[in-house]
There are 2 protein chains.
Amino acid sequence: MDSEEQRIGGCLPRIRSVVTGLTKAEQKVAEYILANPAKVINLSITELAETTGGAEATIFRLCQKLGYKGYQRFKIALAGDLYTPAESVCKEVDPGDSLSVVAGKVFQSINEGLQDTLKIINQAALEQAVDLLAAARRIDAYGSGGSAVIANDIEHRFMRFGMPVRSYADPHMQISSAALMEPEDVVIAISHTGSNRDLLDSVKMAKASGAKVIAITSHMKSPLSKLADISLYGTAKETEYRSEAMASRLVHLAIVDVLYVGVVLRMQDRIGDNMEKIRQAIAVRRV
Amino acid sequence: MDSEEQRIGGCLPRIRSVVTGLTKAEQKVAEYILANPAKVINLSITELAETTGGAEATIFRLCQKLGYKGYQRFKIALAGDLYTPAESVCKEVDPGDSLSVVAGKVFQSINEGLQDTLKIINQAALEQAVDLLAAARRIDAYGSGGSAVIANDIEHRFMRFGMPVRSYADPHMQISSAALMEPEDVVIAISHTGSNRDLLDSVKMAKASGAKVIAITSHMKSPLSKLADISLYGTAKETEYRSEAMASRLVHLAIVDVLYVGVVLRMQDRIGDNMEKIRQAIAVRRV
DNA sequence: AATTACAGTGAAAATTTTTTTCATTTTTCA
DNA sequence: TGAAAAATGAAAAAAATTTTCACTGTAATT
């Protein structure tokens, strides 16, 4: 009966994360909403259609794509976002800032990204991802460029409890490995935009091999999230000196943390030993 | 035009304050709203009238008495009250926690780490580090294990503005590279504990070659920070399921962000071109 | 006690807004 | 290139809202 509980807030981050996956007409509306959320609250769907030069139906469909029953529900969720003062205090870095001020702003914006991500996080998807990972026979992490860092981190992290996990930044290695995947194997594909061609090819190959695919990306409705079995989204606002991709890295890493903790919780008994072994092995290398 | 800006939130307190001055039928409605605000959000005026046994008109008049233009505006304001921003309790992760609770706790603990780091951040050290990096002829980033991820990130990041930067996780590579360093070159050495022997050897070698060394570590007074010219510290509390090393990674990455932004600010003119070139190169690889 | 005035109420009409449908246009992919 | 799919907007249908108005009961006045 509470299945259709209304979720208040988290509306703007959600728009931000799907905006690239929207159609042209929808994007125009979405951008207007992002730019003028406070005005939109006071507009009817007809007025908003006029303002953005679109049709009511387009806006209605956008609301549904965002996960709301209709325009009214959307507006109620939007009201939640507007109420939080945190959203509006987005400070840009200023050339005159001292470095400790810069540090404050950068840290603040990281935290905002985390909070936004928390708002749109999909519990069911997380749950499934952890299930898959905990049961996986083998795990491959694919990520190029900035996302290679995340893939690498996954390798380090999950290796700690004795899982056969490898990370590949090189597209050729990715696709070779993907070809050898089997059911019960899991691929974690990381891409900020979710539109990297090489990565998509590798993911297709992995799926053809029967492996399950978990995507970590910033853009909902991206080609990657369409291909993946499970998609986990991390959002972050772009600021003048902090590109979107820059902010998203940290959020993606935080998502990996959550997966890690989730798997740890699910595997409590099995892993203790492996972790201890590694801890000892590292200690020897210390002064 | 904007004279009738919509006030969001503060709706329930307002009802409470006027409730005695309302008529009988209105009071019945007001009390229902106070008791079930979350339900009301999902009811139309007709449904609410049915539920409370009143008439639509009564509810409408109530909304106006409360200072709203009508029922819709009232509901939007109510949504603001219902919105509770991050009720995250900063406790340990519990085996019984749902994954969205886990996510909240993990994110919260990341943020705490960032805040703690902000408190101990040394502006002068940051300033010097940025100076060195901005003027560097060549940059090497050394980090093994979990810190290899950070080193990698540095490579990706600073490469973007055309700096000759390389990251090395392999101790042999580190020391080989260190042997070839020259004055005006900079080494960034990353180690959570600051006690990794191989890393210390490489750092000594780099110093012998005349290079400057910036350390990123979690432990003050570690052998690494004694060797380094400049030390940047990132703290993070260890929790039961989140090892100290795990939390520190994100903090170290955040410090890299600060360095990056700092260097960008210092080099505004020079870098624009390089960044644009890379952005274009990446765009081609996208669908 | 009867009359009047009037705030309170709700049924129903009028209006506005939202939602659905469907034909047209545009895009995509083979 | 041409068939299929997706996107779009006009307009119809449905739903929600706001407004109107007549009725009720109460209180004040004569």
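- Counting any heavy atom pair closer than 4.0 Å across all strands shown, Thr46(A) reaches a base atom.
- Counting to the nearest Å, the C1' atom of dT9(C) and the CD atom of Glu26(B) are 10 Å from each other.
- A donor-acceptor pair shorter than 3.5 Å can be found between the side chains of Tyr68(B) and Arg14(B).
- A sub-4.0 Å separation between OP1 or OP2 of dG10(C) and a side-chain N or O of Thr58(B) is present.
- In this structure, Phe60(B) atom CZ and dT19(D) atom P are separated by 4 Å, rounded to whole Å.
- Residue Ala57(B) is in base contact, counting any heavy-atom pair closer than 4.0 Å across all strands shown.
- Gln27(A) places its CD atom 15 Å from the C1' atom of dT8(D), with the value rounded to the nearest Å.
- Nucleotide dA7(D) holds its P atom 14 Å from the CD atom of Gln64(A), rounded to whole Å.
- Taking only side-chain atoms of Thr23(B), from C-beta outward, the nucleotide of dG8(C), dT19(C), dT17(C) with the closest atom is dG8(C).
- At the phosphate of dT26(C), neither OP1 nor OP2 sits under 4.0 Å from any side-chain N or O atom of Lys24(A).
- One can place CD1 of Ile45(B) at 22 Å from P of dA14(D), the figure rounded to the nearest angstrom.
- If you measure from atom CD1 of Ile59(A) to atom C1' of dA7(D), you get 15 Å, rounded to the nearest angstrom.
- A straight line from CD1 of Ile41(B) to P of dA16(D) spans 15 Å, rounded to a whole angstrom.
- Side chain to side chain, Ser109(A) and Glu112(A) fail the donor-acceptor criterion of an N or O pair below 3.5 Å.
- A side-chain donor from one of Ser248(A) and His192(A) sits under 3.5 Å from a side-chain acceptor of the other.
- Residues Gly21(A) and Glu56(A) each lie close to DNA chain D; by heavy-atom proximity, the contact nearer the 5' end of the strand is made by Gly21(A).
- Pair check for dT21(C) finds dA10(D); Watson-Crick or G-U wobble, both atom distances under 3.5 Å.
- Note: Tyr260(B) and Phe158(B) have perpendicular aromatic rings, judged against thresholds of 30 and 60 degrees for the angle between ring planes.
- At whole-Å resolution of the value, CZ in Arg61(B) and P in dT18(D) are 13 Å apart.
- For the residue pair His252(A)/Ser218(A), the side-chain donor-acceptor check at 3.5 Å is satisfied.
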